[in-house]
Number of protein chains: 4
Amino acid sequence: MGGVWGFGVGGVVGGGKARRLPRVVRERQMLDAAVRSFARHGYQAASMDEIAELAGVSKPLVYLYLNSKEELFTAVIRREAQALLGVVAEAVVGRGGPPDERLWAGLLAFFSYAAEHPDAWTVLSVRARTQGEPFAGEAARMRDEITAFVAGLIGEAAREARGGGGVAGRGGAAVGGREVEALAQALVGSAESLASWANATPGVTAKEAAATLMDFAWSGLGNLMKSERWSPR
Amino acid sequence: MGGVWGFGVGGVVGGGKARRLPRVVRERQMLDAAVRSFARHGYQAASMDEIAELAGVSKPLVYLYLNSKEELFTAVIRREAQALLGVVAEAVVGRGGPPDERLWAGLLAFFSYAAEHPDAWTVLSVRARTQGEPFAGEAARMRDEITAFVAGLIGEAAREARGGGGVAGRGGAAVGGREVEALAQALVGSAESLASWANATPGVTAKEAAATLMDFAWSGLGNLMKSERWSPR
Amino acid sequence: MGGVWGFGVGGVVGGGKARRLPRVVRERQMLDAAVRSFARHGYQAASMDEIAELAGVSKPLVYLYLNSKEELFTAVIRREAQALLGVVAEAVVGRGGPPDERLWAGLLAFFSYAAEHPDAWTVLSVRARTQGEPFAGEAARMRDEITAFVAGLIGEAAREARGGGGVAGRGGAAVGGREVEALAQALVGSAESLASWANATPGVTAKEAAATLMDFAWSGLGNLMKSERWSPR
Amino acid sequence: MGGVWGFGVGGVVGGGKARRLPRVVRERQMLDAAVRSFARHGYQAASMDEIAELAGVSKPLVYLYLNSKEELFTAVIRREAQALLGVVAEAVVGRGGPPDERLWAGLLAFFSYAAEHPDAWTVLSVRARTQGEPFAGEAARMRDEITAFVAGLIGEAAREARGGGGVAGRGGAAVGGREVEALAQALVGSAESLASWANATPGVTAKEAAATLMDFAWSGLGNLMKSERWSPR
DNA sequence: AATGAATGAGGCTTCATTCAT
DNA sequence: AATGAATGAAGCCTCATTCAT
């Protein structure tokens with residue numbers, strides 16, 4: 001009997017319904033279905049019925065493995081946040097080079113991921129954040145880590161600038177911790193906004209989006225570090 | 001006697017429940033309550049029961065005046081979008097001065113409004129936009145008008161820069177229509193993102209937020225117009 | 001000021017809304033509106049809102065004059081039943097001639113009334129009867145009176161037949177009270193059924209309907225009185 | 001053990017509530033309950049609450065299986081119309097003999113069914129027909145089929161009469177298509193009317209009702225075919 | 001004579017969740 | 001490993017009816 005239902009890594013056998021799959025596979029199917037459903041309808045409007053149907057299983061099985069709608073949503077957020085954080089971290093950390101190069105690599109990874117997994121991006125950027133606790137917090141943790149990367153890069157650039165040459169030119173010593181935080185917020189906010197806009201706008205590639213943001217933001221940061229502030233006359 | 005319930009523009013008199021108010025007053029109370037409820041819970045999770053209770057009326061009266069949850073939400077979005085658009089437009093149009101001065105004025109008005117009416121801002125920026133049609137479209141119209149203001153100011157600055165001196169320095173002629181659009185998107189996106197962040201972060205004033213954004217964005221724009229692009233080495 | 005609103009018998013003055021009409025006029029307007037509304041939607045589905053609007057008055061006035069939906073429906077049934085009974089009675093009683101002639105006159109009056117007041121006929125034949133007590137009883141009283149007329153005419157014909165000549169020919173003495181009742185029921189049932197069918201079928205006149213029924217029924221009655229029963233072989 | 005709840009075709013075992021019955025059984029219970037409820041109160045006034053309670057299940061289960069009040073009513077009408085049509089068709093078609101014999105058989109089947117299933121008969125003859133589309137249409141289809149049977153029998157009798165002897169006697173050739181239609185309408189209308197009257201009148205049997213109608217109608221039809229029309233003098 | 005303002009009660013429908021196998 | 005059967009709770013909406021003028 002073992003093997004009678006032989007299943008490959010990909011999941012379903014042939015065209016029919018695959019039964020008696022191992023738990024890990026079933027859970028992935030459910031989470032995949034949940035991502036789609038939550039992305040499309042939002043947490044409240046998504047229904048366990050639809051998710052079970054999309055996953056090709058009965059509702060009790062969803063409850064057996066994921067316990068409740070709330071835990072299911074949390075599991076989805078965690079899985080997708082880890083994935084996104086993973087690709088961004090891989091692009092930014094443990095790699096040498098000047099901070100702007102690393103920021104560029106991180107942005108490219110970020111925009112590419114958002115473009116390739118639009119439902120995941122929608123869940124993280126919209127559905128989780130607008131759903132209140134504990135979901136928003138779950139997504140905020142990931143965002144904070146990304147913001148910390150960015151703040152790190154900005155700070156690094158500022159120190160380099162202070163020290164001598166570099167992107168920021170010489171002479172700027174004015175960037176404090178709180179300001180770095182606000183700048184990182186603005187940059188990450190821009191990136192998120194651009195990512196959603198790019199996903200919704202046909203013909204905009206991840207590379208274009210990343211380039212626009214670098215043009216827009218990094219040179220502005222450079223100015224800031226040269227203490228060239230704008231101020232009302 | 002006549003006048004025993006005399007009511008002012010502001011609404012309820014004293015601490016007791018005011019009964020038999022004129023329709024216009026009641027409608028405003030209901031819309032106010034709806035803004036709070038939709039902001040807190042989102043469209044789906046907000047309940048007509050809670051809205052009625054917050055407004056101090058019975059549910060049937062809400063239906064008598066606003067017809068349905070959908071129409072109520074639409075009415076809320078329209079009212080708040082008009083209000084926000086109004087203050088921004090007043091700050092930007094029909095006023096002379098260089099484009100950066102007018103952008104500064106507009107940003108200040110925008111951040112101030114968002115700070116003073118956080119629920120309205122949440123409804124417009126989050127609840128309406130994530131609820132799909134027809135609500136997202138209703139809010140998008142307002143956003144588009146604001147984005148058009150900003151694009152106009154950027155374009156104007158670019159023309160001035162092309163023409164000679166000005167913020168952007170001389171010589172830059174590289175900013176095309178599509179690029180202006182993307183920049184305006186990024187700037188508006190940053191502004192929205194910053195506004196929500198400022199509302200959620202104690203101690204951040206509207207003026208600070210506006211200043212951060214001007215520093216961050218306008219000088220970056222200036223660089224762009226000098227054709228000082230960032231590009232991967 | 002009296003007379004400033006001068007109104008004619010017909011009701012509304014000019015094109016605008018007539019205000020301060022005498023009670024009798026207002027009540028007729030309300031009953032007219034109610035007949036239409038009850039005929040179209042049935043008792044349950046008809047709404048006091050619609051009736052008030054059709055009557056051109058506010059709802060409280062309807063309650064002031066007619067007290068409740070139930071009483072309003074009852075008032076409608078009574079008014080329409082009296083009217084229908086009136087025209088039929090006028091055609092049948094207090095008039096000489098043989099019973100078949102009088103039946104013919106009664107049927108003609110009945111079908112004509114139903115054709116000319118289809119809403120009233122619908123209320124009586126359908127809406128009242130299917131609404132349970134006390135409404136069905138109200139309509140049943142009228143139907144019983146009409147059935148009694150018919151039974152009277154059948155009985156009279158039977159006696160004539162027994163006595164000698166007449167429609168029914170000679171020799172038949174077999175028609176008892178219970179049978180007369182059943183026959184009258186069948187005839188009245190046919191008439192009602194035909195009236196509704198005629199109203200719903202374009203091009204069928206009251207005279208045609210009456211003729212069909214006389215052909216169908218009266219000669220059959222004649223046979224019965226000649227004891228020519230049908231019986232399974 | 002398995003089988004502890006063993007249930008027969010008829011439904012519930014013993015006096016206690018049977019749980020976890022198969023869908024088909026539950027659906028039949030719900031339809032039975034719905035027939036009773038719709039017959040008593042009419043479509044609008046019947047409540048899903050009462051139906052669920054009569055069926056011995058919770059409301060959500062009714063919705064799970066029957067989807068909505070409208071679909072439930074439609075399902076009821078279809079089931080009962082099929083059943084009634086079935087017994088009448090079985091009595092009339094695929095059976096030899098003269099048309100009057102077959103009409104007699106059909107009427108007997110009809111009146112018996114109406115007597116044995118008064119709620120079903122009320123739903124079909126009253127509740128469905130007065131509820132407007134799409135319900136009236138659903139019931140009208142069944143009625144039309146029955147009327148077609150009757151028209152067929154009348155036409156057959158007329159042709160026999162034309163041909164020579166037969167019920168209708170000789171010589172009559174005057175019955176046209178439209179007239180046959182009207183006669184069939186009148187006969188079916190009488191039958192319906194009589195059925196409801198018989199159900200409401202204690203002591204009237206189906207056989208009596210059928211006999212009354214045959215006496216009343218068939219001999220009348222015979223006269224018609226002999227061209228013995230009634231006409232006002 | 002007439003009405004704008006207001007509500008208690010109830011109906012249809014949906015959904016997350018559990019039970020028993 | 002998996003599911004068919006079932007429900008408590010809650011939400012949107014409507015309607016007959018009344019209040020205060």
Side-chain angles (χ1 to χ4, degrees), chain A residues 5 17-23 25-26 44-52 57-65 67-70 72, chain B residues 1-2 4-5 17-23 25-26 44-52 56-65 67-70 72, chain C residues 5 17-23 25-26 44-52 57-65 67-70 72, chain D residues 1-2 4-5 17-23 25-26 44-52 56-65 67-70 72:
Chain A
W5 290 113
K17 284 224 187 164
R19 306 194 158 260
R20 308 252 153 203
L21 296 181
R23 175 157 184 160
V25 179
R26 280 288 191 229
Q44 302 268 353
S47 89
M48 296 299 272
D49 265 305
E50 188 191 281
I51 291 171
V57 299
S58 71
K59 251 188 311 178
L61 199 60
V62 180
Y63 279 88
L64 188 62
Y65 287 171
N67 301 317
S68 72
K69 195 185 189 184
E70 201 169 314
L72 172 57
Chain B
M1 296 110 201
V4 110
W5 289 114
K17 283 227 189 162
R19 310 210 147 253
R20 313 260 150 198
L21 298 182
R23 176 166 183 155
V25 178
R26 279 288 190 232
Q44 303 265 357
S47 92
M48 296 298 274
D49 265 304
E50 189 193 275
I51 291 172
V57 298
S58 70
K59 239 187 323 174
L61 200 58
V62 180
Y63 280 91
L64 189 60
Y65 288 170
N67 300 319
S68 72
K69 197 184 188 183
E70 199 169 315
L72 173 57
Chain C
W5 290 113
K17 284 225 186 161
R19 305 194 157 260
R20 309 255 152 201
L21 296 181
R23 176 159 183 157
V25 178
R26 281 288 191 228
Q44 302 268 353
S47 89
M48 296 298 272
D49 265 304
E50 188 191 283
I51 291 171
V57 299
S58 71
K59 251 188 311 178
L61 198 59
V62 179
Y63 279 88
L64 188 62
Y65 287 171
N67 301 317
S68 73
K69 196 185 188 184
E70 202 169 314
L72 172 57
Chain D
M1 283 128 211
V4 107
W5 290 115
K17 283 224 188 166
R19 310 211 145 251
R20 312 262 150 197
L21 297 182
R23 176 165 182 156
V25 177
R26 279 288 190 232
Q44 302 265 356
S47 91
M48 296 298 273
D49 264 305
E50 189 193 274
I51 291 172
V57 298
S58 69
K59 242 187 319 173
L61 200 58
V62 180
Y63 280 90
L64 188 61
Y65 288 170
N67 300 319
S68 71
K69 197 183 188 184
E70 198 169 317
L72 173 57

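A note on names: the letters A, B, ... follow the listed sequences, proteins ahead of strands, and every chain is numbered from 1.
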Shortest side-chain distance from Leu61(B), nucleotide among dA2(F), dA6(E), dC13(F): dA6(E)
Shortest non-hydrogen contact between Ser68(B) and Met48(B), atoms and distance: C-CE, 4.2 Å
Length of the CG-C1' vector between Leu64(C) and dC19(F), whole Å: 13 Å
Of Ala45(A) and Gln44(D), the one whose closest DNA chain E nucleotide lies more 5': Gln44(D)
Value in whole Å for how far the P atom of dT13(E) lies from CG of Asn67(D): 10 Å
Pairing pattern in dot-bracket form [Watson-Crick, G-U; both distances under 3.5 Å; | = partner strand] for DNA chain E: .||||||||||||||||||||
Of Asp49(C) and Ser68(B), the one whose closest DNA chain F nucleotide lies more 5': Ser68(B)
Residue met sooner reading DNA chain E from 5', once Glu70(A) and Ser58(C) are mapped to nucleotides: Ser58(C)
dA6(E) OP1/OP2 closer than 4.0 Å to side-chain N/O of Arg26(B): yes
Separation between NZ of Lys59(A) and CG of Leu64(A), rounded to the nearest 0.5 Å: 14.5 Å
Euclidean distance, atom CD1 of residue Ile51(B) to atom C1' of dG11(F) [Å, nearest integer]: 12 Å
Nearest-neighbour nucleotide for the Pro60(B) side chain, dA2(F), dT7(E), dT17(E) considered: dT7(E)
Tyr65(D) and Leu61(D): CA distance, side-chain angles, deciding distance, side-chain contact (heavy atoms from CB on, under 4.5 Å) verdict: CA-CA 6 Å; Tyr65(D) 288 170; Leu61(D) 200 58; 4.1 Å; yes
Ser47(D) side chain, from C-beta outward: closest of dA5(F), dT7(E), dC12(E): dC12(E)
Euclidean distance, Leu72(D) CG relative to Ile51(D) CD1, rounded to 0.5 Å: 5.0 Å
Counterpart residues, side-chain hydrogen bond (donor to acceptor under 3.5 Å, both in side chains), relative to Glu50(C) (two or more places apart): Ser37(C), His41(C)
Interatomic distance where CD belongs to Glu50(B) and P belongs to dG11(F) [whole Å]: 10 Å
Minimum-distance nucleotide to Lys59(C) side chain [options: dT13(E), dA16(F), dC12(F)]: dA16(F)
Sugar-phosphate only, base, or nothing, as touched by Ala46(A) at under 4.0 Å among non-hydrogen atoms: sugar-phosphate
For Ala52(D) against Ser58(D), the heavy-atom pair lying closest together: CB-C, 4.0 Å
Spacing of Lys69(D) atom NZ relative to dG11(E) atom P, expressed in whole Å: 9 Å
Nearest-Å distance for atom pair OH/C1', residues Tyr63(A) and dA6(F): 14 Å
5'-most by nearest nucleotide on DNA chain F - Met48(B) or Val62(A): Val62(A)
Of the listed nucleotides dT3(F), dA5(E), dC19(E), the one nearest the side chain of Arg20(B): dA5(E)
Nucleotide nearest Tyr65(A) when distance is taken to its side chain, options dA2(F), dC12(E), dT3(E): dA2(F)
Qualifying residues under salt bridge (charged side-chain N to carboxylate O under 4.0 Å, His left out), relative to Lys69(A), sequence neighbours excluded: none
Between C1' of dT3(F) and CG of Leu21(A), the distance in whole Å: 15 Å
Touch class at under 4.0 angstrom, heavy-atom based, for Ala52(C) against every strand present: nothing
